[in-house]
Each structure stands twice: as structure tokens, then as C-alpha cells.
Amino acid sequence: MPELPEIEASKRVLAPRLRGDSLVSCRILSPGFCRNPSARRLEKLSGRAIRGLARRGKYLAIELEGSTPLILHLGMSGRLILDGRGPHERFEIQTTRHRLSISDPRRFGRVLFRFPKLGAEPLGPGFSPRILAELLRRRKAPVKALLMDQRLVAGLGNIYATEALFEAGVRPGKAGGRLSRAEIERLARASRRVLRRAVRLGGSTLADQAYLDPLGKPGRAGAAASLYGRAVGRCGHPLRSTRRLIAGRRAIYCPVCQR
DNA sequence: ACGAGTACCTGGCAGC
DNA sequence: TGCTGCCAGGTACTCG
């Protein structure tokens with residue numbers, strides 16, 4: 001489940017290797033994988049030079065000379081593979097020196113020509129307790145659902161939202177608009193801290209959906225998780241999951257540390 | 001505008 | 001052992 005840190009880690013691996021290359025071809029290997037970009041539109045990219053890579057939320061953009069960027073999203077099970085082969089390859093880019101593919105068993109990944117509407121960049125300079133307070137104001141939805149809503153904050157998914165809420169001591173089911181000033185302050189800081197730490201560790205590698213960077217190297221942030229994938233928290237308390245579904249799934253929390 | 005629910009998709013695993 | 005069926009999860013859609 002690639003979230004912001006995994007995409008950032010992938011970008012850092014790919015950027016120095018792909019910069020300066022030109023696209024030779026883009027191919028959809030699995031029919032129906034990319035809904036929007038027609039094969040024709042992809043063909044038009046051939047020959048264009050890669051200026052660089054950029055990340056926005058969980059989206060990775062390949063910036064091209066004289067064209068809108070080619071944007072990749074890995075869904076929940078996607079992985080980028082540079083100069084290698086993997087199972088379930090859905091999309092492939094051939095450049096002058098490299099081959100980059102998306103391996104995505106569950107086919108939730110996407111290839112786009114422009115970013116969807118995305119909210120605040122949590123590691124960007126604009127993200128502050130004040131901004132977060134603005135986003136949560138008067139909202140009745142559970143704070144975890146709001147945190148994972150990409151139109152509000154771009155980059156947090158289940159793993160890092162779970163971790164950020166734990167570090168902030170806030171229960172996932174609490175209505176966004178009911179967080180105190182102090183809680184919002186802690187949550188904004190915790191979100192940044194959790195993401196920055198994971199970026200530093202090269203992303204999460206968790207038991208069920210191991211993240212591997214484009215060269216096949218695992219990240220080290222999974223072992224650092226306080227709640228995610230555990231029955232007993234790093235805090236030593238047995239964890240609980242909400243009975244109510246939040247954003248369509250149960251949320252894990254520590255009943256002692258999160259109030 | 002907001003919040004909830006569901007479809008999409010497939011590997012993995014619990015339960016029989 | 002082998003089958004069934006449920007679950008995970010990000011996004012986009014619909015519905016109230």
C-alpha cells in the first residue's frame with residue numbers, strides 16, 4: 001500500500017536514473033488497466049525527454065519536455081520495477097537506457113495525464129495546525145476519514161493515518177470538528193513526523209503487502225510502526241479496532257493512549 | 001456541501 | 001487436501 005513515503009522513496013531512486021533519458025515507448029500490458037489514457041495519447045509521448053520526476057501526494061509524475069507529465073498512481077498493490085521483471089506487470093515505459101514497469105496484482109493503479117484535485121501537501125511548507133484546523137472545522141466525519149481524504153490532505157493512507165492518530169493521542173472515530181486546538185496541533189505535528197520518519201527509512205515494508213523500491217530493496221519503516229499490523233501496540237497496550245467502519249474499514253487504535 | 005456506502009480487483013487466509 | 005468466501009485497501013462513483 002504505497003502512500004506518500006513509498007512514492008517519495010521511489011522517486012528518489014528513479015529520478016537520478018531516468019533524468020535525461022528519452023521515452024521510447026509506453027505500453028499498457030494489461031487491457032483495461034489504464035482507463036483514461038488512450039494508446040494513441042501514449043504513443044505521442046515517444047521521443048520526449050524526461051526532465052525529472054515529481055511527487056504530489058501519492059502520485060508520481062514523470063515530467064516531459066513539451067508535454068503534460070505522465071502521472072502514475074500505484075493504487076494499493078502497485079510497485080515500480082526498474083530494469084527487472086515482476087508478476088502482474090500492467091504498464092511499461094521503455095526509455096533510452098531503462099525499462100520501468102508497474103507490477104500491480106490488484107489493478108487499482110492508474111496512469112493519468114493530470115493530477116486529480118489534491119489537498120494540502122503534509123510535508124510542504126504550507127501545512128500547519130492552522131491549515132489542518134481549517135480543514136477539520138465543523139466536519140462531522142471521523143477525523144481518520146478526513147485525514148485520508150486526498151482532497152483535503154494528500155498522501156496519508158491507512159498506515160500513516162493510523163500512526164499519526166496514535167502519536168497524537170486522538171481516537172480515529174472522533175468527529176473532525178470536535179478536536180480541540182491542542183489535539184489539532186498534535187495531529188499536524190504527528191502527521192509530519194510520521195511521514196518524515198518513514199521517508200527517512202525508505203518506506204514501509206509490512207507483512208502482507210511488502211513495499212519494495214524500484215530496485216527491489218525493501219523499506220525499513222514497517223518495523224517502526226507503533227500500531228499498524230500489531231495486536232499489542234508499541235506502547236504495550238492491547239489494541240482495539242472500531243466496530244463502526246471508518247472510510248469503509250475498521251480502524252485500529254490504543255484505547256489507553258488515544259482519548 | 002457533506003457523509004456514507006459500494007464497485008472495482010485479486011491474493012491470501014480462515015474455516016469447513 | 002481442497003473448496004468457499006471473506007477481507008484488505010485507494011479512488012471514484014452514487015445516493016440521501
Side-chain angles (χ1 to χ4, degrees), chain A residues 1-8 10 28-37 55-61 71-80 86-91 102-122 133-165 172-179 191 195 198 203-212 219 221-222 225 227-231 239 241-253:
Chain A
M1 22 195 115
E3 302 180 28
L4 185 153
E6 288 74 39
I7 304 303
E8 182 63 29
S10 296
I28 296 167
L29 304 177
S30 209
F33 177 66
C34 317
R35 275 141 258 196
N36 345 21
R55 180 194 58 75
R56 178 86 172 85
K58 305 175 191 174
Y59 293 79
L60 181 67
I71 296 164
L72 311 180
H73 189 279
L74 300 178
M76 65 161 283
S77 61
R79 176 160 103 71
L80 291 162
H88 314 291
E89 289 192 334
R90 311 294 183 192
F91 184 72
I102 296 179
S103 156
D104 181 11
R106 293 180 202 177
R107 307 165 69 121
F108 282 176
R110 260 144 236 257
V111 177
L112 312 160
F113 283 100
R114 69 175 131 95
F115 289 111
K117 187 179 163 347
L118 294 170
E121 191 64 45
E134 192 67 30
L135 296 172
L136 300 182
R137 202 160 59 108
R138 283 202 269 268
R139 299 293 297 258
K140 295 198 171 88
V143 60
K144 184 172 178 230
L146 297 170
L147 219 46
M148 292 194 299
D149 186 336
Q150 303 301 299
R151 294 165 301 183
L152 302 181
V153 181
L156 287 164
N158 195 33
I159 298 174
Y160 297 108
T162 299
E163 294 293 312
L165 285 163
K174 188 162 186 174
R178 300 191 69 120
L179 265 67
S191 303
L195 290 171
S204 285
T205 298
L206 296 158
D208 85 326
Q209 282 295 320
Y211 164 76
L212 300 173
L227 295 197
Y228 196 87
R230 308 170 65 114
L239 302 178
S241 83
T242 58
R243 182 171 306 186
R244 189 163 64 105
L245 297 183
I246 295 174
R249 61 191 73 105
R250 276 166 227 297
I252 306 292
Y253 68 98

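Per chain, numbering begins at 1; letters A, B, ... match sequence-line order.
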Would you check if the side chain of Arg250(A) reaches a backbone N or O of Arg243(A) as a donor-acceptor pair within less than 3.5 Å?
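Checked: pair present.
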For [X], check side-chain contact (heavy atoms from CB on, under 4.5 Å) against everything at least two apart and list the hits.
X	answer
Leu29(A)	Arg27(A), Glu89(A), Glu92(A), Arg99(A)
Arg137(A)	Glu134(A)
Pro5(A)	Glu3(A), Tyr160(A), Leu195(A), Ala198(A), Val199(A)

Return the value, rounded to whole Å, for the distance between atom [atom1] of [X] and atom [atom2] of [N].
X	N	atom1	atom2	result
Met76(A)	dG12(B)	CE	P	12 Å
Arg106(A)	dT10(B)	CZ	P	11 Å
Tyr160(A)	dG10(C)	OH	C1'	15 Å
Arg90(A)	dG10(C)	CZ	P	18 Å
Ile102(A)	dC9(B)	CD1	C1'	16 Å
Leu74(A)	dC9(B)	CG	P	18 Å

Compare every heavy atom of Pro105(A) with every heavy atom of Arg90(A), then report the nearest pair and how far apart it is.
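Of all heavy-atom pairs spanning Arg90(A) and Pro105(A), the closest is NH2-O, 3.1 Å.
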Sequence neighbours excluded, which residues qualify as ring pair (Phe, Tyr, Trp, His ring centres under 6.0 Å) partners of His73(A)?
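For His73(A) the ring pair (Phe, Tyr, Trp, His ring centres under 6.0 Å) partners, ignoring immediate neighbours, are Tyr59(A).
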Quick one: side chains of residues 147-155 of chain A, donor-acceptor pairs under 3.5 Å with protein atoms, not counting sequence neighbours, listed by atom name and distance.
residue   : atom : partner   : partner atom : Å
Asp149(A) : OD1  : Arg151(A) : N            : 2.9
Asp149(A) : OD1  : Arg151(A) : NE           : 3.1
Asp149(A) : OD2  : Arg151(A) : NH2          : 3.0
Gln150(A) : OE1  : Gly155(A) : N            : 2.9
Gln150(A) : NE2  : Met148(A) : O            : 3.0
Gln150(A) : NE2  : Leu156(A) : O            : 3.0

Roughly what angle, to 10°, lies between the helix axis at the start of the helix from dC2(B)-dG16(C) to dC16(B)-dG2(C) and the one at its end, five pairs per end?
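Answer rounded to 10°: the end axes differ by 50°.
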Please list each protein N or O that sits under 3.5 Å from an N or O in nucleotides 1-3 of chain B, with the distance.
residue : atom : partner   : partner atom : Å
dG3(B)  : OP1  : Lys140(A) : N            : 2.4
dG3(B)  : OP1  : Ala141(A) : N            : 3.1
dG3(B)  : OP2  : Arg139(A) : NE           : 2.4
dG3(B)  : OP2  : Arg139(A) : NH2          : 2.4

Below 3.5 Å is the cut-off: list the nitrogen or oxygen pairs between protein and nucleotides 11-13 of chain C, distance only.
residue : atom : partner  : partner atom : Å
dT11(C) : OP1  : His73(A) : NE2          : 2.6
dT11(C) : OP2  : Lys58(A) : NZ           : 3.4

DNA chain B: 5'-proximal contact among His88(A) and Leu245(A) (nearest heavy atom):
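With His88(A) and Leu245(A) compared, the 5'-side residue is Leu245(A).
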Starting at the 5' end of DNA chain B and moving along, which residue's nearest nucleotide shows up first, Arg244(A) or Asp104(A)?
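Per heavy-atom nearest nucleotide, the more 5' residue is Arg244(A).
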Residue list, side-chain hydrogen bond (donor to acceptor under 3.5 Å, both in side chains) with [X], at least two apart or on another chain:
X	answer
Lys144(A)	Asn158(A)
Arg55(A)	Glu8(A), Glu121(A)
Thr162(A)	none

Nucleotide of dG11(B), dT10(B), dC8(B) approaching Arg107(A) most closely (side-chain heavy atoms):
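Between dG11(B), dT10(B), dC8(B), the one nearest the side chain of Arg107(A) would be dT10(B).
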Can you see whether Arg106(A) engages Ser77(A) through a side-chain donor-acceptor pair at a distance of less than 3.5 angstrom?
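Side-chain D/A pair, Arg106(A) to Ser77(A): absent.
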